[in-house]
Protein chains: 2
Amino acid sequence: MATIRELARQCGVSVATVSRVFNRPEVVNPDTRKNVLDTAARIGYLPNESARTLATKKSHMVGLVWDTHHRRPGWRHPFLQEILIGLKTALSDRGYHLLMLATGDGEGSHDRAVRRHDLDGVVFIDDGTEDPALLRLAGSGVPCVSLDRPVTGPRATHVISDNAGGARGAVHHLHGRGRRAIATIAGPVRTAPGAERLAGYRAALAELGLPARGEYVAEGDFYLAGGHAAMRRLLELDERPDAVFVAGDEMAIGAIRAITEAGLRVPEDIAVVGFDDIELAALVQPGLTTVAQDKAGFGTAAATALIAMIDDPAAAPPPPAVLPTTLVVRGTA
Amino acid sequence: MATIRELARQCGVSVATVSRVFNRPEVVNPDTRKNVLDTAARIGYLPNESARTLATKKSHMVGLVWDTHHRRPGWRHPFLQEILIGLKTALSDRGYHLLMLATGDGEGSHDRAVRRHDLDGVVFIDDGTEDPALLRLAGSGVPCVSLDRPVTGPRATHVISDNAGGARGAVHHLHGRGRRAIATIAGPVRTAPGAERLAGYRAALAELGLPARGEYVAEGDFYLAGGHAAMRRLLELDERPDAVFVAGDEMAIGAIRAITEAGLRVPEDIAVVGFDDIELAALVQPGLTTVAQDKAGFGTAAATALIAMIDDPAAAPPPPAVLPTTLVVRGTA
DNA sequence: CTGAAAGCGCTTACAG
DNA sequence: CTGAAAGCGCTTACAG
């Protein structure tokens with residue numbers, strides 16, 4: 001590998017000049033600049049990132065804390081792949097790479113990695129658990145953006161869907177279809193999406209002048225089995241609902257299964273609206289009517305927020321990005 | 001951040017000694033070793049990775065080339081998330097991090113990133129297209145392991161499922177269920193999984209003494225719509241098949257849809273076996289009988305192979321890892 | 001607009 | 001078993 005010294009020699013300039021053409025090209029004479037660039041291309045010179053990072057403390061790498069937890073082994077984000085695409089694309093457009101942080105090598109592994117590698121920022125995508133290492137990280141002053149949950153810190157912000165708005169829209173849609181006994185299967189209220197979607201459901205009920213019945217709220221866990229179990233509880237009610245807003249698509253699929261097993265039909269007997277718009281939603285039959293999240297938008301918004309913080313160390317963190325949702329009407333409501 | 005110099009000062013030793021306790025602890029006096037380790041923990045010393053990499057040319061980072069191509073924008077690997085988990089876990093157990101390589105910043109971006117960051121190795125997970133940058137990388141001498149496709153290079157190997165064996169098993173299963181007119185919907189034969197599964201299908205036919213009819217082979221593209229279209233072609237045949245081995249679960253779901261639309265039943269009229277065992281396979285109704293791949297095994301095997309090459313620069317690359325498959329019998333065959 | 005020099009935080013022969 | 005010193009490949013005031 002050609003080094004900066006070798007390139008400088010071949011161009012007859014100092015290494016300082018070569019360095020400048022790569023970092024502040026505008027300050028160097030156009031002719032020498034061109035010469036340096038040309039011979040760099042010819043001999044295949046590439047600035048070494050470790051040396052750069054060592055000198056500048058900027059690694060041009062962003063950490064991704066994606067927790068494949070001990071506590072919740074099989075945790076899957078409903079659309080990790082899409083988020084990754086958005087993140088990676090937006091980041092690489094700005095010259096940043098994504099470093100997937102190993103987890104589980106003991107407490108505090110994340111902040112250690114951040115310091116050892118001089119990471120410029122980090123994005124969290126976790127299951128909402130209060131991990132002390134994450135809190136410490138967010139509090140430490142490195143730019144952080146978290147997905148799907150609020151964080152606090154001097155340079156931390158988050159991106160989240162308009163969960164309440166999406167939920168409201170779903171309930172209004174159900175109401176528009178003539179349903180009046182509208183139940184919900186909520187996500188865990190300790191998570192922001194769980195709590196906000198439930199709040200949106202309640203708000204819509206109030207707006208529509210529908211009674212808020214406690215027994216119409218069943219809590220699930222965002223997984224299929226949880227949705228199934230919650231629906232069974234709902235089906236045992238004396239006044240069976242004629243519609244249910246389910247706070248996650250996987251749970252909605254489980255709920256539909258429970259309804260079918262009970263000998264009832266969707267949407268005729270009970271209409272169902274989900275949330276997320278996972279791939280599966282379009283593939284089941286009938287297609288799942290659901291509140292779609294802007295999947296790629298998560299990645300893009302996270303990258304944008306992160307880079308804003310990285311570019312201006314003095315600025316306050318950008319406000320949380322709230323992504324609009326879209327109701328996708330298919331067959332279940 | 002405490003540096004090695006600061007730590008050395010506090011311990012009353014030279015930086016060389018401190019460096020040794022972290023890199024070759026066995027050569028330093030147990031007492032001084034303990035002292036260094038203790039004060040390191042106390043003052044929160046962490047070796048800086050950039051400085052290490054600069055000095056040693058080992059970054060302890062492995063690149064992941066995951067092509068979200070221009071040529072095939074929406075390309076999704078059926079179980080990227082699971083592979084990522086396996087990879088990340090196995091890698092981090094050995095102290096390596098995963099760097100997701102940006103793509104699209106022009107030709108050759110991958111090999112440039114590898115050189116700039118002194119990556120210790122790279123794993124490819126792509127759609128099988130012949131990307132010159134990848135070939136160059138594999139030929140360059142950095143340890144490479146590719147998923148789902150063979151590669152050649154001085155230090156390259158790959159991990160792949162026993163595609164032919166899995167396909168054979170599927171056809172034998174169909175035969176055991178009494179089916180004799182067994183068709184297949186193949187993946188693109190330019191991909192290794194596509195070609196090998198087709199070969200396995202043909203081998204099984206021969207073993208079973210069944211005729212190999214050209215019109216019973218329909219080529220799909222691994223996507224749902226392709227499977228749907230291929231099945232429609234098969235349904236138009238004079239001698240309609242009574243079973244079909246579909247080389248991918250998504251295509252299988254599409255095929256089932258086509259069968260249903262034609263007013264036929266699965267498995268009564270036509271039995272279906274898929275390949276992959278994607279999440280969806282267990283969720284559709286009836287459940288899809290399919291050849292399961294060892295998802296986490298991909299990541300683990302890739303990490304193992306990579307680390308073997310990294311650890312012994314002189315050794316020949318390990319032979320390709322061929323992962324066994326498992327037939328999962330559900331409702332469609 | 002350009003160069004000489006110090007410095008970033010480690011590792012590693014080489015002596016002892 | 002340990003230390004002094006050179007070196008890894010850059011960047012960045014500081015002069016000029």
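Just so we're on the same page: letters track the sequence lines, and every chain starts at 1. This structure is a prediction, so every number in the text was calculated from the model and none was measured.
- Note on B:Thr32: only backbone sugar-phosphate atoms sit closer than 4.0 angstrom, heavy atoms only; bases stay farther off.
- Distance check on atom C1': D:dT12 versus D:dG16 gives 16 Å, rounded to whole Å.
- In this structure, the side chains of A:Leu84 and A:Leu64 come closer than 4.5 Å at one or more pairs of heavy atoms.
- Between the P atom of D:dC8 and the CG atom of B:Leu54 lies a distance of 9 Å, rounded to the nearest Å.
- Among the nucleotides C:dA4, D:dG3, D:dC10, the one closest to the side chain of A:Ser14 is C:dA4.
- In this entry the distance linking NE2 of A:His60 with C1' of D:dT11 reads 12 Å, nearest Å.
- Rounded to whole Å, the distance from CZ on B:Arg20 to P on C:dC10 is 15 Å.
- Residue B:Lys34 is tested with B:Thr32, B:Asp31, B:Asp38 for a side-chain hydrogen bond (donor to acceptor under 3.5 Å, both in side chains); the sole match is B:Asp38.
- One atom, CG of A:Asn23, and another, C1' of D:dT12, lie 10 Å apart when rounded to the nearest Å.
- Backbone-only contact: A:Leu46 has heavy atoms under 4.0 Å from sugar-phosphate atoms and none from a base.
- Between the P atom of C:dT12 and the CD1 atom of B:Ile4 lies a distance of 11 Å, rounded to the nearest Å.
- When Watson-Crick and G-U wobble pairs are counted only if both distances are under 3.5 Å, D:dA4 pairs with no nucleotide at all.
- Nucleic acid contact for A:Tyr45: sugar-phosphate only, since backbone atoms but no base atoms lie under 4.0 Å from a heavy atom of the residue.
- At the heavy-atom level, B:Ser19 lies under 4.0 Å from base atoms of the strands shown.
- The listed nucleotides are D:dG9, C:dC8, D:dG3; the one nearest the side chain of B:Thr17 is D:dG3.
- Between B:Arg5 atom CZ and D:dA5 atom P there is a gap of 12 Å when expressed in whole angstrom units.
- Across all strands shown, B:Thr56 has heavy atoms under 4.0 Å from sugar-phosphate atoms exclusively, and none from any base.
- Side-chain contact between B:Thr191 and B:Phe222: present, with at least one pair of heavy atoms (C-beta onward) separated by less than 4.5 Å.
- B:Asp120 places a side-chain N or O within 3.5 Å of a backbone atom of B:His60 that can act as its donor or acceptor partner.
- Atom pair B:Asn29:CG and D:dC1:C1' shows a separation of 7 Å (rounding to whole Å applied).
- Residue B:Arg52 places at least one side-chain N or O under 4.0 Å from the OP1 or OP2 atom of C:dT11.
- In this structure the side chain of A:Ile310 reaches within 4.5 angstrom of the side chain of A:Tyr96, judged on heavy atoms.
- Across all strands shown, nothing is found opposite D:dA13 as a Watson-Crick or G-U wobble partner with both distances under 3.5 Å.
- Atom CZ in B:Arg24 sits roughly 11 Å away from atom P in D:dC1 (whole-Å rounding).
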